[in-house]
Visitor: 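Can you keep this structure in mind? I'll have questions shortly.
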Amino acid sequence: MNQTGHCMPRYNPAEIEPKWQAYWDQNETFKTPDLPVGEKLYVLDMFPYPSGDGLHVGHPEGYTATDIVCRFERMRGKSVLHPMGFDAFGLPAEEHAIKTNTPPRISTEKNVTTFRRQLKMLGFSYDWHREISTTDVDYFRWTQWIFLVLYDSWFDAEQQRGRPMDELPIPADVQDAGEQVVREYKDEYRLAYLANALVNWCPALGTVLANEEVRDGLSDRGDHPVHRIPLRQWMLRITAYADRLENDLASLDWADGIKKLQRDWIGRSTGAEVDFFVGPQDAFSAWQSKRCESGYPRNPSDDVLRIYTTRPDTLYGATYMVIAPEHPFVERLTTPEHRKAVREYCDRAAAKSDRDRTENAKDKTGVFTGAFAINPANGSPVPIYIADYVLISYGTGAIMAVPAHDTRDFEFAKKYDIPIVAVVDPGDSFDGERQAVIAGEECFSGEGTAIQSGEYTGLSTSEFKVKIAATLQTDGQGREAVNYKLRDWLFSRQRFWGEPFPILHELDESGEPTGVIRPVAVEDLPVNLPEIKDYKPHDRPEPPLGKAPDEWLYPVIDGVRYRREINTMPQWAGSCWYFLRFIDPKNDQCFVSPEKEKAWMPIDLYVGGAEHAVLHLLYARFWHKVLYDRGHVTTQEPFQRLVNQGMILGDVEFTARRTADGTWTNDALQDGIEVVPISVNDVIKRGETFALKEDDSIKVESRAHKMSKSRGNVVNPDDIVREYGADSLRIYEMFMGPLEATKPWSMTGVNGVRGFLDRAWRMIVDHSAETIVIHEAVNDDSLTAEQLKILHRTIQSVTTDTAGMRFNTAVARMMEFVNFFTKSKCRPREAMEKFVLLLSPYAPHLAEELWQILGHAETLAYEPWPEFDESLTRDDSIEIAVQVNGKLRAKITVPADADRAVLEDIARNDEKLVEILSQMNVVKVVVVPGRLVNFVVRP
RNA sequence: GGCCGAGUGGCGGAAUUGGCAGACGCACAGGAUUUAAAAUCCUGUGUCCAUUACGGGCGUGCGGGUUCAAAUCCCGCCUCGGCUACCA
C-alpha cells in the first residue's frame with residue numbers, strides 16, 4: 001500500500017498531500033468536459049491579484065468553501081465547472097518595474113507561479129487546463145475586442161438597451177451639417193467615449209495618482225503637491241444602464257446587504273432641472289416669454305445657470321446659488337472686483353482631492369462671484385457663490401441653495417450671513433422646534449406643507465413637486481430629471497501595465513491629431529504592449545506608452561499616419577468578463593463559443609470578499625448587459641448567486657497602557673503613555689472586561705485586528721501547511737465559524753482540527769502496526785441499531801449542512817461521528833467507507849488515502865454521495881422537558897410519537913410533578929409533541 | 001454624519017417555526033498510561049448558593065414589553081466592527 005516502501009503508521013499529511021495532488025494532476029481527475037454532461041454547476045471564486053506576498057489565509061477561506069461545494073456536487077452527479085486564474089495587471093507590478101527597470105511581465109509571472117503552487121498545495125479541485133491570466137495576450141485580445149463592442153454601441157433609452165452604432169438615428173440637421181458633425185454626434189452616444197476628466201497629477205512624481213494615493217493635497221508617497229487637472233480620458237457610459245443595473249438586482253440570489261450597497265452606490269434620485277436667468281434683471285421677463293415659446297432647451301444657453309434639485313418645492317426659499325469651482329461659468333460670471341478672490345479660491349480647491357474636500361465637511365467655505373441670478377419663482381435676484389461643497393461631477397455642478405431646508409446650505413448661509421427663508425412648515429407632529437423652523441432659525445429638511453410660496457402655499461411637498469414640475473415644463477424653464485450618484489466610469493489610466501486600447505488617432509501632415517478616431521480592426525487584434533526602455537514616469541502628464549518605439553506608436557494604414565492611444569485600461573477591465581473566458585479559454589475564433597456559453601452560464605455560485613461588493617460586481621454586470629444586448633451572451637446577469645466570505649482577523653491580542661516610567665495606568669492615550677502587548681497568561685477576566693493579573697485595577701484591552709504586515713500578525717498558509725497539513729488548514733477555516741462572519745484566527749484552533757484528523761486516521765488505520773494496515777476494529781460485521789442511527793444522522797447532517805454552506809456545523813457532526821466510533825470496538829467497514837466519502841470534500845487528501853487503504857483502486861472524487869434513510873435517524877423514545885410556569889422541573893422519557901394526551905398524562909404522573917401539582921391549581925397545560933409539556937399553575 | 005452587520009462560558013462558536021441555552025472544538029483541571037516527558041485515552045468544566053444526597057437561584061450587551069414560554073418577536077438605549085462620506 002505504501003508506495004514509498006517505508007513505514008508510515010501515523011497520519012502524515014506532508015507525505016500523502018503531495019501524493020494525491022500528483023495523482024489528480026496525472027489522471028486529470030478534475031478536467032471538465034467542454035459541455036456539461038447532465039446537470040451543470042458553475043462555481044466561481046473571485047480570482048486573486050498575484051501579489052508578491054503570496055497567498056494569505058483569507059484567500060483559502062472562500063476557495064475552500066467553493067471547493068467543498070464542487071467536490072460534494074460532483075459526487076452528487078453534477079457536471080461542475082470550477083476554474084481559477086489570475087487578475088494579473090496592476091500597480092504593484094508596475095511599481096516594481098519602475099524600481100528595478102525590469103518588465104512587469106517578469107515579476108508578474110513569478111508571482112503567478114507562487115500563487116499556482118500555493119493553490120495546488122491546498123488541494124483545490126480546479127480544472128487547471130482552463131487557467132487564464134488577464135495579462136495573457138490571448139486573453140486581453142478579447143478584452144480589447146469587448147472594448148470595441150462598447151465603442152460600437154449606443155444606448156437606446158426608449159428601448160432600454162444597447163444597440164450597434166449603425167442603428168443610431170441621425171437627425172436630418174446633423175446629417176446635413178457634414179461628416180464631422182455626424183461623427184461628433186455619434187461620439188456623443190457611444191458607450192465608450194472621450195471626455196475631459198479631472199485627474200490627480202503630481203508633477204514631482206511625474207505621474208497621475210489614484211484618489212486613494214492622495215491625502216491633504218499631497219501624494220501618499222513623498223508628500224508632493226498634487227493638482228487636479230483635466231485630461232482627455234476614456235469614459236464608459238455605465239450611467240445609461242443605471243436603471244437596469246438597479247432593477248435587475250431583484251432577480252438575483254444575493255444577500256440583501258450587498259444589493260442595498262449597489263442600490264445606494266447607483267444612488268438614483270428624482271427631481272427637477274431648473275434654469276436660472278443670469279442676465280440683467282430688466283431682461284428677465286423678456287427671457288421668460290422667449291422660453292415660453294422655445295421650450296426647455298436640451299443644452300443650457302449662456303444666459304442661464306442650470307441647476308438640479310430633488311426639492312423643486314423649495315424654489316421660493318432659494319436665497320442664493322452655488323456653482324462648483326470647476327464650473328465652466330466661473331470665469332464669465334465673476335465680476336472684476338471679485339476676480340482675485342475667486343481665482344485664489346479655485347486654485348486652492350484644485351489642489352484638494354474630492355476626499356479632502358469632504359473630510360473637512362463641517363467647515364463650509366466659499367467665495368462670492370459678484371453675480372446674481374433671478375429666482376424664476378418670484379423674480380428676485382439671488383447672489384451666486386462658488387463653493388467646494390458643490391461637486392462639478394454631480395448633477396449640473398450648480399445648485400439653488402435653500403438654507404432653511406438643507407443642512408449644508410444652512411451652514412453656509414449662517415457663515416456668510418445670507419437670508420434664510422422658510423418655505424416648508426414641518427407641521428404639528430414635528431419633533432423639533434416648529435416655530436424656529438418657520439422663523440428660519442432652524443433647518444428642516446423633511447417634507448411638510450408649503451408656506452411663503454405664492455400660489456403654491458398650502459400644498460404638501462409631494463403635490464407641490466408634481467405641480468411645479470409641470471409649470472416649469474410649460475414655461476420652458478425646467479423639467480423633471482433623474483440623477484445618479486453613479487458616474488460614468490473613468491476607464492483610462494496613465495500606466496504601462498494594463499491592456500492597451502485598440503484605438504488609433506489620425507494625424508495630419510504636421511503630425512497633429514485631426515480628431516478622427518479609428519478603432520483597430522478586429523482581425524488586427526491583439527494590440528500587444530510594446531517593449532519600452534524604462535518605466536519611469538515622464539515629467540509630463542503622459543502615460544509611459546508615450547515612450548514606445550515609433551514602429552508601435554505611429555502605424556500607417558492606407559497611407560494615413562496614426563498615433564496609438566497610449567492610455568491603458570484599468571485593472572477592473574480584465575475581471576469584467578473572465579468568467580466567460582473560463583468556459584472556453586483556448587478559443588481563438590471568438591471570446592467564448594455561443595454553444596458553450598449557453599450551456600454553462602450563468603454562474604450558479606460566486607464567492608469572494610465583500611470589498612468587491614460594489615465596483616467589480618457593478619462593472620462586470622454592466623459589461624455583461626452590453627454583451628447581452630449585442631447578442632454575445634444569453635443571460636442578462638452573470639452571477640446568479642453571490643456569497644461574501646467574512647474577513648479573517650489576526651490572533652486575539654491583549655494590550656494595556658503604561659506611562660513612560662513603566663507604571664500601569666488606565667488613563668487615556670496621550671503623550672508619555674504607550675500601549676503595550678500583554679501575554680494571555682498575565683490576564684484575568686474581571687467582570688465585563690479583562691484586567692492585569694498583577695494589578696486587576698488595570699484594564700486590559702482584548703481585540704483581534706485585521707492582518708497586516710505592519711502589525712506583524714499575518715498568517716502564511718505555507719507555514720500552516722508545513723506544520724499541520726492542507727487538510728487541517730481547510731477544515732480549520734471552515735470550522736472557525738459561519739462563512740460570512742468576520743472571525744479571528746487561532747493557532748490552537750488549527751491544532752485542534754489536526755487532532756480530529758489524527759483521530760479519524762486512527763479510527764481506520766492501526767497506528768501501532770509497523771506498516772499501514774487497517775485497524776483490527778474495522779470489519780465486515782453489520783451495523784448495530786445504534787451505529788446505524790449515528791451513521792444515518794451523520795450523513796443527513798453533513799449533507800444538509802454542506803448543501804446549505806453551513807460548513808462549521810457539518811465538521812462538528814463529523815467530529816461526533818469519530819468520537820462515537822473511536823470508542824466502539826467494532827467499526828463496520830460500511831460505516832467507515834461512508835464516513836470517508838462524507839469527509840472527502842473537506843479533507844480530500846486524507847479521504848483519498850483512507851479510501852485507498854480501505855481497498856479501492858480509483859479516486860473517490862466521483863463516488864456517489866452517501867444516502868441517508870430518514871426513518872433510521874429517528875429515536876423510538878425521546879427525552880422531553882416538563883415545565884411548570886415555564887421553568888424546567890423534570891425530564892421524562894416518552895415514545896417519540898406520543899400524542900398530546902399521552903404526554904400530559906406521563907408528565908402529570910412524574911414523581912416530582914405530582915408533588916408540585918398537588919399544591920397548585922393547574923390553569924392551563926401547553927403540550928408541544930416532541931418538545932415539552934408546560935403546566936401553568938396558580939397557588 | 002449615514003448605511004449595514006454583530007454582541008451567547010476563559011476563547012471560537014451551536015441552538016428548525018419562539019419550545020430543555022451552551023452542540024462541536026480550543027483552553028483549563030483531575031485521573032490512567034509512562035522511569036519521565038510528549039503523544040494517547042478517560043472524567044470534569046456557564047455562574048453563584050448549598051453540598052448529605054436530591055438540589056436551588058441567576059444567566060444569551062443594557063432597560064422595558066408581548067407570550068404559558070424569548071438568545072430568537074416588538075420598543076428604547078449602549079458597545080464593537082465594516083462600508084461610505086457635502087450627491088443638492
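In this text, all values refer to a predicted model and were calculated from it rather than measured experimentally. Naming: A, B, ... by sequence-line order, numbering from 1 per chain.
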Visitor: Name the nucleic acid region contacted by K912(A), choosing base, sugar-phosphate or nothing; use a 4.0 angstrom heavy-atom cut-off, strictly under.
Guide: sugar-phosphate
Visitor: What is the separation between atom CG on N885(A) and atom P on A69(B), rounded to the nearest whole Å?
Guide: 8 Å
Visitor: Can you tell me which stems involve RNA chain B, if a stem is defined as three or more consecutive Watson-Crick or G-U wobble pairs, both distances under 3.5 Å?
Guide: B:1-7 with B:78-84, B:10-12 with B:24-26, B:28-32 with B:40-44, B:46-49 with B:55-58, B:61-65 with B:73-77
Visitor: Give me the distance, rounded to whole Å, that separates G64(B) from A71(B) when you measure between the P atoms they each carry.
Guide: 15 Å
Visitor: Could you tell me the separation between the CD1 atom of I323(A) and the C1' atom of C86(B), rounded to a whole number of Å?
Guide: 17 Å
Visitor: Under 3.5 Å, which donor-acceptor pairs link side chains of residues 738-746 of chain A to any protein atom two or more places apart or in another chain?
Guide:
from: K743(A); atom 1: NZ; to: E61(A); atom 2: OE2; distance (Å): 2.5
from: K743(A); atom 1: NZ; to: P738(A); atom 2: O; distance (Å): 3.0
from: K743(A); atom 1: NZ; to: L739(A); atom 2: O; distance (Å): 3.2
from: K743(A); atom 1: NZ; to: A741(A); atom 2: O; distance (Å): 2.6
from: S746(A); atom 1: OG; to: T748(A); atom 2: OG1; distance (Å): 3.1
from: S746(A); atom 1: OG; to: G749(A); atom 2: N; distance (Å): 3.1

Visitor: Between the protein and nucleotides 58-65 of chain B, are there any N/O to N/O pairs under 3.5 Å, and if so, what are the atom names and distances?
Guide:
from: C58(B); atom 1: OP2; to: K887(A); atom 2: NZ; distance (Å): 3.2

Visitor: What's the gap between G25(B) and G31(B) when it is taken at their C1' atoms, as a whole Å value?
Guide: 22 Å
Visitor: Roughly how many Å is it from OH in Y724(A) to C1' in C26(B), rounded to a whole number?
Guide: 12 Å
Visitor: Would you call E904(A)-R908(A) a salt bridge at under 4.0 Å N-O?
Guide: yes
Visitor: Salt bridge or not between K260(A) and D264(A)? Use side-chain N to carboxylate O under 4.0 Å.
Guide: yes
Visitor: Between the protein and nucleotides 3-5 of chain B, list the N/O to N/O atom pairs that are separated by less than 3.5 angstrom.
Guide:
from: C3(B); atom 1: O2'; to: K260(A); atom 2: NZ; distance (Å): 3.4

Visitor: Check whether any side-chain heavy atom of E653(A) sits under 4.5 Å from a side-chain heavy atom of R711(A), and report yes or no.
Guide: yes
Visitor: Looking only at atom C1', what distance separates G30(B) and G81(B), rounded to whole Å?
Guide: 40 Å
Visitor: Would you please test L615(A) and L617(A) for side-chain contact (heavy atoms from CB on, under 4.5 Å) and show each step?
Guide: CA-CA 6 Å; L615(A) 294 182; L617(A) 292 169; over 6 Å; no
Visitor: Taking only residues two or more places apart in sequence, or in another chain, which ones meet S877(A) in a side chain to side chain donor-acceptor pair (under 3.5 Å)?
Guide: none
Visitor: When the distance from CD of E915(A) to P of C54(B) is rounded to whole Å, what number comes out?
Guide: 16 Å
Visitor: Taking atom C1' in both G9(B) and C58(B), compute the distance separating them and give it to the nearest angstrom.
Guide: 14 Å
Visitor: Hey, which sits more toward the 5' end of RNA chain B by its nearest nucleotide, N751(A) or R889(A)?
Guide: N751(A)
Visitor: What is the distance from CG of N483(A) to P of A88(B), rounded to the nearest Å?
Guide: 8 Å
Visitor: Out of curiosity, T800(A) OG1 to R813(A) CZ, how far, rounded to the nearest 0.5 Å?
Guide: 9.5 Å
Visitor: Any salt bridge linking R793(A) with D875(A)? Criterion: basic side-chain nitrogen under 4.0 Å from a carboxylate oxygen.
Guide: yes
Visitor: Looking only at non-hydrogen atoms, find the nearest pair between A413(A) and P403(A) and report the distance.
Guide: CB-CB, 3.5 Å
Visitor: Give a yes or no on whether a salt bridge exists between E411(A) and K414(A), defined as a side-chain N under 4.0 angstrom from a carboxylate O.
Guide: no
Visitor: Using the purine O4'-C1'-N9-C4 or pyrimidine O4'-C1'-N1-C2 torsion, is G9(B) syn (within 90° of 0) or anti?
Guide: syn
Visitor: Using atom C1' of each nucleotide, how far apart are A70(B) and C86(B) to the nearest Å?
Guide: 43 Å
Visitor: Taking the C1' atom of each, how far is G13(B) from A27(B), in whole Å?
Guide: 14 Å
Visitor: What string of B, S and - do you get for nucleotides 11-25 of chain B 5' to 3' if you count protein non-hydrogen atoms under 4.0 Å?
Guide: SBSS-B--BB--BBS
Visitor: Taking atom C1' in both G76(B) and U84(B), what distance in whole Å separates the two?
Guide: 27 Å
Visitor: When all nucleic acid strands are considered with a 4.0 Å heavy-atom cut-off, which category describes S702(A): base, sugar-phosphate, or nothing?
Guide: nothing
Visitor: Report the distance from atom CD1 of I307(A) to atom P of C86(B), rounded to the nearest whole Å.
Guide: 19 Å
Visitor: Parallel, tilted or perpendicular: which fits the ring planes of Y389(A) and F412(A), with parallel below 30° and perpendicular above 60°?
Guide: tilted
Visitor: Among I392(A), L391(A), V390(A), find the residue that satisfies the side chain to side chain contact (heavy atoms under 4.5 Å, CB included) test when tested with E326(A).
Guide: I392(A)
Visitor: Using a 6.0 Å cut-off, check whether atom CD of E611(A) has over 12 heavy atoms from anything other than its own residue.
Guide: yes
Visitor: What is the distance, rounded to the nearest whole Å, between atom OH of Y308(A) and atom P of C86(B)?
Guide: 16 Å
Visitor: What distance, rounded to whole Å, do you find between the two C1' atoms, one in U72(B) and one in G19(B)?
Guide: 11 Å
Visitor: For Y484(A) and D243(A), run side chain to side chain donor-acceptor pair (under 3.5 Å): C-alpha distance rounded to whole Å, both residues' side-chain angles, the deciding distance at 0.1 Å, then the answer.
Guide: CA-CA 9 Å; Y484(A) 302 94; D243(A) 283 349; 2.6 Å; yes
Visitor: Name the residue closer to the 5' end of RNA chain B, choosing between G395(A) and W265(A) according to the nucleotide with the nearest heavy atom.
Guide: W265(A)
Visitor: Rounding to a whole Å, what distance do you find between Q262(A):CD and U84(B):P?
Guide: 13 Å
Visitor: Looking at R10(A), I'd like to know whether one of its side-chain N or O atoms comes within less than 4.0 Å of OP1 or OP2 on A39(B).
Guide: no
Visitor: Would you check if R311(A) and V402(A) make a side-chain contact, meaning some heavy-atom pair closer than 4.5 Å?
Guide: no
Visitor: Do the non-hydrogen side-chain atoms of F276(A) and R306(A) ever get within less than 4.5 Å of each other?
Guide: no
